[in-house]
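Just so it is clear, the structure is predicted and the values come from calculations on it, not from any experiment. Side-chain atoms are counted along with the backbone in the values below, which use heavy atoms only and exclude waters and symmetry mates. Chain letters run A, B, ... following the sequence lines, proteins first, then strands; residues in each count from 1.
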Amino acid sequence: MPATDGAGGIVVLTRRRDFLAANAGRRAPMPGFVLLVRPRDDGDATMRIGYTVTKKIGNAVVRNRMKRRLRALVREVLPDTGIAGADHVLIGRAGGVERDFATLRSELGKALRKVLR
RNA sequence: CCAGAGGAUCGGGCGACCGCGGCCCCCGCGUGAGUGGGGGGCGAGGAAAGUCCGGGCUCCAUGGAACGACGGUGCCGGGUAACGCCCGGCGGGGGCGACCCCAGGGACAGUGCCACAGAGAGCAGACGGCGACGGCUUCGGCCCCGCCAUGGUGAAAGGGUGCGGUAAGAGCGCACCGCGCGACCGGUAACGGAAGCGGCAUGGUAAACCCCACCGGGAGCAAGAUCGAAUAGGGGUGGCACGGGGCUUACGUCCCAGGGCGCGUUCCCGCCCGCUACCCGGGUUGAUUGCUGCAGGCGGCGCGCAAGCGUCGUCGUAGAGGAAUGGUCGCCCAUUUCCGCGAUAAAGCGGAAAGGACAGAACCCGGCUUACAGAUCCUCUGGCCUU
RNA sequence: GGAGAGGUGGCAGAGUGGUCGAAUGUACCGCACUCGAAAUGCGGCGUGCCCUCACGGGUACCGUGGGUUCGAAUCCCACCCUCUCCG
């Protein structure tokens, strides 16, 4: 059984090919992060989520904090407004660590609406 | 009160809700491995860092001896499992002082190097120069002999200053300073003191080679173990192939050998050797394990100047694996800014906002080094004022 | 997590105790050759600070900071950065 990240049945991506596939999906760049979404179209309704924080963002401390904050975002937002049957990938950007959490939350909602259009 | 020195400690606190990691308990389903739900308490550091040293642990290697090679350490004594660490002492340097800093063995075991400049750079003399007697002279000097005070240098030039002395000079003589040797005394030792003796001789560099003393097998938890597709390698059996020489018709037997491995050399010693067929077996991704309790913290007592040691009591719960600590809110504490009242300056009072250093365990310990907002405590030094 | 290697002009890359701000190539600038260009030849060419009207000169810098030495790009120590290898 894959890890669920405690967010109501959302599965975490670990495979490189899943990330590459998501890269070909829809993109929604925001000041603190970039959201990638790819509908799988395989009849399965579970949402999946992946996180990418590269070395450009900072050292291990900064990168881990970035991932924790992204997970917190996903837990609050995705169960309600996420896209069923799709893979989501959040890519951390420079400044995402300092950015106010409420701002990030509204921006994630904005990004999801943008992707749905 | 100001300036400074040494040492120790902490490194935001309390609470609520939603989450994460693993542990324990309970309930449901399942023969079972498991799985769904609920509850409980636990969950990063002083540096977790750099990976610079020392160990534990694991695998590999390790037959014996001598010499050697390579790497490291380097005042003395002590502490320690050990150390390149720590403590105490000695010597040298810096500071008015509290204190701080030092790779701090050996340069009469040997070798090398000391650029440029300079007459000369390591052993003393040559060159320039100074000088009485004697000899020669074309009257300018030259030869013989004596001498090192004098030489625009240089990081460094053969004790320094002064007086005497001399043909010129020279520790040649003397005084003071410096230097060397040093009976003897103190100290476990490093070393310190020192009567007396010596006219003074041994430049620097060992973070150049080196000498001396002491230490050191290699790799690292991505070690290693267990379960486990495929390939290669490995093992067993069969077949083929299988150095030279002596004796023998032959079978056989004896002698001599080649290459590789065991850090180098020598001697003894041990192991391995080409092709092919079949069989055994094989361990990548992954999973499980190694995986956290101890050279442990705190307190009392004893020993020790101290580092530390002994003993008694007491306390203990991170164990992930693309890697768990986050998000939101309230109150308080440092800190900063702004506004109002203090007289327009200061202390102070009230209010609002911002806001938390360096940094995240990855097998575990002992050190070192480096990063670090701010806060607290102890001891000491110098200066100023008051009594 | 562990094990190693390396930092020198704009770029590449020698130099490993003195005469070294530092060879050489490349890039750039000027001149020559050409109708013009390329190629070729010759010459020049780092940065900061200070002095100078200027020409020119002095000084520091070989990743950073200390140390040894008379003298350091070179030897030693600490730190920073970059790269490689191990499942």
Any strand is fair game: report the nucleotide pairing with [N] by Watson-Crick or G-U wobble, both distances under 3.5 Å, or none.
{"N": "B:U9", "result": "B:A375"}
{"N": "B:A213", "result": "B:U73"}
{"N": "C:G46", "result": "C:C61"}
{"N": "B:A352", "result": "B:U337"}
{"N": "B:G68", "result": "B:C263"}
{"N": "B:U344", "result": "none"}
{"N": "C:C35", "result": "none"}
{"N": "B:A225", "result": "B:U288"}

Send over the distance from [X] [atom1] to [N] [atom2], rounded to a whole Å.
{"X": "A:Lys67", "N": "B:G321", "atom1": "NZ", "atom2": "C1'", "result": "12 Å"}
{"X": "A:Leu78", "N": "B:G19", "atom1": "CG", "atom2": "P", "result": "16 Å"}
{"X": "A:Phe101", "N": "B:C17", "atom1": "CZ", "atom2": "C1'", "result": "14 Å"}
{"X": "A:Met66", "N": "B:C20", "atom1": "CE", "atom2": "P", "result": "20 Å"}
{"X": "A:Arg75", "N": "B:G21", "atom1": "CZ", "atom2": "C1'", "result": "12 Å"}
{"X": "A:Glu76", "N": "B:G19", "atom1": "CD", "atom2": "P", "result": "11 Å"}
{"X": "A:Arg69", "N": "B:C20", "atom1": "CZ", "atom2": "C1'", "result": "16 Å"}
{"X": "A:Tyr51", "N": "B:G326", "atom1": "OH", "atom2": "P", "result": "16 Å"}

Quiz item: cation-pi between A:Arg71 and A:Tyr51, 6.0 Å / 45° = yes
Apply the syn/anti split at 90° from 0 to [N] and say which one it is.
{"N": "B:G37", "result": "anti"}
{"N": "B:G342", "result": "syn"}
{"N": "B:G46", "result": "syn"}

ask   = Is the shortest side-chain N/O distance from A:Arg71 to OP1 or OP2 of B:A323 below 4.0 Å?
value = yes
ask   = Are OP1 or OP2 of B:U325 and a side-chain N or O of A:Arg68 less than 4.0 angstrom apart?
value = yes
Side-chain (A:Thr81) to main-chain (A:Leu78) donor-acceptor, under 3.5 angstrom = no
